Structure formats: C-alpha cells, structure tokens
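The structure appears right after this line, and notes come after that.
Model, not experiment: these values are computed from the prediction.
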Amino acid sequence: MRCALALMVGLSGPAMAQEIVAADLVAPTDRYAHAVLGDALEWGGLELTLSDGRRLLFSLPDSHVFEDITARTGDFDGNGRVEVMVVETSVTQGAALAIYDASGRRAATPYIGQPNRWLAPAGWGDFDGDGRIEIAYIDRPHLARELVFLRLEGKALTEIARAPGFTNHRIGERRIAGGTRHCDGRDTLIVASADWSRAMAVTLGPKGVLARDLGPWRGSGPDLKTCP
C-alpha cells in the first residue's frame, strides 16, 4: 500500500536525478498511542532535501505514522544512489520497515499485523561478503526478539534470513542500540542478546545467521569504531 502523499509535485527529469542529501521526520502527531519510544508523539511526514536544494515532503494519512527516532540515509541496494530507511506504522496493523527515494515509498516489509507492535532498524552492510548490501532489523525487540536480514531488490524488500534471540531496544528509550561495525573489510552487525546480558557480533553465512559472543553488554554496548 503506497500511503505516503507527495506535497511537492512536478518533479521529473533533472529533478528526479538529484541526490538525496538529507532526510528528516517532521509534523509531530499524537494520533497513535503507543509511546514505545518514550513519549506520545510520532511523526506524520518525511522531508527529503535534494542536492539542488529543493525539498520533498511526503505526508502520511491519519491511519499511519512514522514511528522512529530518525530517518536514515544510505545506499541500501548498492546502486550508488541514496535512499531513506524509516519505520512506518499502521495504527491498526503495527510497524513495517520502509524505504523511500525521491519518488516516494519504494518498498516496505509487511506490517507486523496488529497495533502496538514495533520493529527496530539494526544496521546495514555486506554481512555475508558477497558484495551486496543487507539490511537488518529486530522484529518486536521487546517480545519476539527476532533478527531479520533483508535485501532491497528493485521495489521489494526480500527477507533472506531470520533468527531468534536478539534485541536492540528497551521500551521507552529514545535510542536504538548497536549498529554496523566495519572491520578488516568486513561488515558485522552488533546487537544484544535477548536478555541484554551479552554483546553479539552477527554476520551471515551459507546456512544463515552466524553469531559470536563479544562478552558482557556494558551500557550502550561495544564501541562500533573499535575492532576486536
């Protein structure tokens, strides 16, 4: 369902060729009473700034919100162009992970299926060493605690691996823990064990998710700039 509405119209040709240089969540709203991120406000719009200075505003209908701490910019499919990742939530069906570009909502996972169910983006990188980008998130980090890996392929987010036993968020916190660590030319995802006792380094192998124990989880977790 393409539920975002572009308020800036007439973009084509050279304008559509412009790079996204910034993305911001805008239009705070209290129309979804979940407060998983610590307050009663979510976001009703996503504003993209293009490299020529123009701005695009995508506004959600009243049935949806952006339930996230930030809009993430990155090349999520390896095509050399910047896209935007954000958690987009249906007030009746819960959260989904969505990818936007200058044309609007390009791809999204299915909604979890019921209200007050959320997912937390975990990171992105080449976690299996094959030269392609994978996107990771935790499905219901307070309940199911399942780590999911996806690939952005055209206009679809395709799930390639899933494993239980991980988390990256506590109810009410305004931050999402962990992220992608880049070491020796290899990308590794850092998340916590499901009970927050251990820091886990996760990659992908031929048989799916590979996890390595880095030791006790201390506060906000390991320094992502420091390699073991």
Side-chain angles (χ1 to χ4, degrees), residues 36-37 67-69 72 74-78 83 85-89 93-99 107-114 116-153 156-171 173 175-224 226-228:
V36 72
L37 294 169
E67 191 179 16
D68 212 335
I69 59 173
R72 301 157 194 80
D75 181 5
F76 299 118
D77 59 1
E83 296 92 24
M85 180 198 305
V86 70
V87 179
E88 183 179 304
T89 295
Q93 295 296 309
L97 188 74
I99 303 295
T109 65
Y111 295 108
I112 290 172
Q114 67 183 93
N116 298 337
R117 296 294 183 267
W118 187 65
L119 61 83
W124 64 93
D126 180 9
F127 298 118
D128 59 6
D130 69 351
R132 294 183 291 175
I133 301 299
E134 292 84 39
I135 299 167
Y137 72 90
I138 304 290
D139 180 0
R140 292 159 290 174
H142 324 114
L143 295 170
R145 300 182 178 92
E146 292 184 336
L147 175 58
V148 181
F149 287 91
L150 311 165
R151 285 201 185 99
L152 177 60
E153 299 173 326
L157 282 168
T158 303
E159 183 175 320
I160 59 171
R162 178 185 289 257
F166 303 94
T167 192
N168 62 349
H169 184 263
R170 292 182 173 96
I171 291 176
E173 289 193 348
R175 63 181 302 277
I176 295 172
T180 302
R181 176 185 278 176
H182 308 278
C183 295
D184 300 324
R186 181 69 182 269
D187 294 329
T188 301
L189 185 71
I190 307 298
V191 290
S193 59
D195 63 358
W196 289 97
S197 66
R198 313 298 292 178
M200 307 299 294
V202 182
T203 56
L204 291 171
K207 296 184 178 180
V209 175
L210 302 174
R212 180 166 56 94
D213 191 325
L214 296 178
W217 183 271
R218 302 183 186 280
S220 60
D223 181 358
L224 297 178
T226 302
C227 294

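Panel note: side chain Glu83, backbone Phe76; a donor-acceptor pair is recorded below 3.5 Å. Side-chain atoms of Arg181 come within 3.5 Å of backbone N or O of Asp223 as a donor-acceptor pair. With hydrogens and angles ignored, the 3.5 Å screen pairs no side-chain donor or acceptor of Thr167 with any backbone N or O of Ala194.
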- Message: Under the criterion side-chain contact (heavy atoms from CB on, under 4.5 Å), I'd like the reasoning laid out for Ile99 against Ile135: C-alpha separation, chi angles, the key distance, then a yes or no.
- Response: CA-CA 11 Å; Ile99 303 295; Ile135 299 167; 4.2 Å; yes
Would Ile160 and Leu204 count as a side-chain contact (heavy atoms from CB on, under 4.5 Å) if you check the C-alpha gap in whole Å, the side-chain angles of each, and the deciding distance to 0.1 Å? CA-CA 10 Å; Ile160 59 171; Leu204 291 171; 4.0 Å; yes
* Given side-chain contact (heavy atoms from CB on, under 4.5 Å), test Val202 with Phe149 step by step and report yes or no. => CA-CA 11 Å; Val202 182; Phe149 287 91; 3.9 Å; yes
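His169 NE2 to Ile138 CD1: the interatomic distance, rounded to the nearest 0.5 Å, is 12.0 Å. Rounded to the nearest 0.5 Å, atoms CZ (Arg162) and CG (Leu150) are 8.5 Å apart. For the atom pair CG (Asn168) and CH2 (Trp196), the distance works out to 6.5 Å, reported to the nearest 0.5 Å. Rounded to the nearest 0.5 angstrom, Arg151 CZ and Thr158 OG1 are separated by 9.0 Å. The distance from the OH atom of Tyr137 to the CG atom of Leu189 is 13.5 Å, given to the nearest 0.5 Å. The structure places CG of Leu143 at 6.5 Å from CZ of Arg145, a figure rounded to the nearest 0.5 Å.
Shown here for Asp68 and Val87, the closest heavy-atom pair between the two residues is OD2-N, 2.9 Å. Pairing each heavy atom of Pro222 with each of Leu214, the nearest pair is CG-CD1, 4.4 Å. When all heavy atoms are compared, the tightest approach of Tyr111 to Gly94 is CD2-O, 3.1 Å. The two residues Ala107 and Leu152 make their nearest non-hydrogen contact at CB-CD1, 3.7 Å. Contact detail for Pro141 and Trp118: the closest heavy-atom pair is CD-O, 3.6 Å. The heavy-atom pair separating Leu119 from Pro121 by the smallest distance is O-CD, 3.9 Å.
Under the 4.5 Å side-chain criterion, counting only non-hydrogen atoms from C-beta, Thr188 is not in contact with Cys183. Between Leu147 and Met200 the shortest side-chain heavy-atom distance does not fall below 4.5 Å.
Checked options His182, Glu134, Arg132; the residue passing with Asp126 is Glu134 (criterion: side-chain contact (heavy atoms from CB on, under 4.5 Å)).
The salt bridge (Lys or Arg N to Asp or Glu O under 4.0 Å) search around Arg186 returns none, not counting sequence neighbours. Under the side chain to side chain contact (heavy atoms under 4.5 Å, CB included) criterion, Ile133 pairs with Trp124, not counting sequence neighbours.
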